[in-house]
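Counting starts at 1 for both ligands and their atoms, in listed order. One-based numbering along the sequence shown.
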Amino acid sequence: MLEMNTPFYYYNTDLLNSNLNNLVEASKKYGIDVHYALKANYNERILNIIQSYGLGADCVSGNEVKRAVSCGFEGKDIVFAGVGKSDREILDALASDIFCFHVESVQELEVINELANSVNKVARIALRLNPNVEAETIAQITTGTSDNKFGVHHNDIEAAISGLKSMENVQFIGLHFHIGSQITNMNVFANLSKKVNYYYDYFTNNGCDVSYINLGGGLGVNYYDPTEAPDFDAYFKVFRDHLNLAEGVNLHVELGRSVVGQCGDLYTRVLYMKKATHKEFAIVDAGMNDFMRPALYKSYHKIEKYTGGEATKQYDIVGPICESTDTFAKDVELPELRRGDVVVIKTVGAYGEVLANRYNLRDDIRAYYSDECLVEV
Ligand code: LLP
């Protein structure tokens, strides 16, 4: 019987390590540098493991920059994106001597120039462009079409280039793109590559020296088969096959989900069983506050009964929160469930623990790690 109090996140550190080994091997093979996107999971133990593989960090807030630094990432390996960086965040990042700001608007460029001037620094910047590429993922996590708030839009590029030429406290080093997340169709990255080629030529022809290109993140994981490892090789290859840049341009990506998604599971216990006219509910002790993806995106996550067995029944797995969206899965086939049984929600290592909150004034959810305690039947 499972002794630990539920609910909790459980991280399989062996799986994380083997995934990181695959990632590092593939990135070396294709000569593409990887930053880990902290937003997917900034749990310190997880970050310490990731940092030990020599990856850089991709941050989207001042606190993420601080967390990256405190977990051993060096300023020179940190990039900082985000449509709404505050003055304080920019000044802090300048003080940490980060590698590069990914700048999302002409006005932000002006602000960074002024702030860098005020502390006698020159900020390295890359323009995050909005390439208007469809990511073929769900709308909520599509970021690179012309209706999204992200990046410098096509009509502002000229103003950005002429601004850059007159600014003394920013140094333009290149271009950044990020078109969305949970992308499983590699053609999407081929389409992105065509836009990257176009903008690379455009900037170069307009007198801007592009030495750095960051292609963003977005590689999806297989939520239906938690045992299938992400294919980093295929992901890098598609860029190498389709990008047409001068030699010496440094290529970077910033992956989150595919690095940590599969190493985390959520353990939760059945509190009550309830039969309705057409359904049976298993009411579990984790709520949408502990794990928001199904409520936010109607996302699918495989659910298993901890002790296994043959699936003979259909249940809606729901939490205790006072909202009908507090539903982890509908009509899922499982072995018979009773009060006290433990069910495991799979593949929650990315955008799981980081999105947890205390709605309904519930407790903070805790985490365990396979290298410090084993979850055993
Ligand atoms: N770079 C930037 C600028 C990003 O905005 C993101 C993710 C990434 C990199 C990492 O993307 P990844 O490799 O993880 O796909 N909460 C949503 C996902 C939001 C993604 C936000 N940006 C979810 O649970 O699906």
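- A distance below 6.0 Å separates the ring centres of Phe189 and Phe239.
- At most 12 heavy atoms of other shown residues, nucleotides or ligands fall within 6.0 angstrom of atom OH in Tyr272.
- More than 12 heavy atoms of other residues, nucleotides or ligands shown are found within 6.0 angstrom of CD on Glu323.
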Report each N/O pair between ligand 1 and the protein that falls under 3.5 Å, naming both atoms.
residue	atom	partner	partner atom	Å
ligand 1	1 (N)	Asp58	OD2	3.3
ligand 1	1 (N)	Glu254	OE2	2.8
ligand 1	13 (O)	Gly218	N	2.9
ligand 1	13 (O)	Gly256	N	2.9
ligand 1	14 (O)	Arg257	N	2.8
ligand 1	14 (O)	Tyr351	OH	2.6
ligand 1	15 (O)	Ser181	OG	2.4
ligand 1	15 (O)	Gly218	N	3.2
ligand 1	16 (N)	Tyr297	OH	2.7
ligand 1	24 (O)	Arg293	NE	2.6
ligand 1	25 (O)	Arg257	NH1	3.3
ligand 1	25 (O)	Arg257	NH2	2.8
ligand 1	25 (O)	Arg293	NE	3.3
ligand 1	25 (O)	Arg293	NH2	2.9

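- Atom NZ of Lys165 is surrounded by more than 12 heavy atoms from other residues, nucleotides or ligands within 6.0 Å.
- Under a 4.5 Å side-chain heavy-atom criterion applied to ILVMFWY residues, the cluster that includes Ile321 comprises Met288, Tyr359 as well.
- Judged purely by distance below 3.5 Å, without hydrogens or angles, the side chains of Ser370 and Thr13 pair a donor atom with an acceptor atom.
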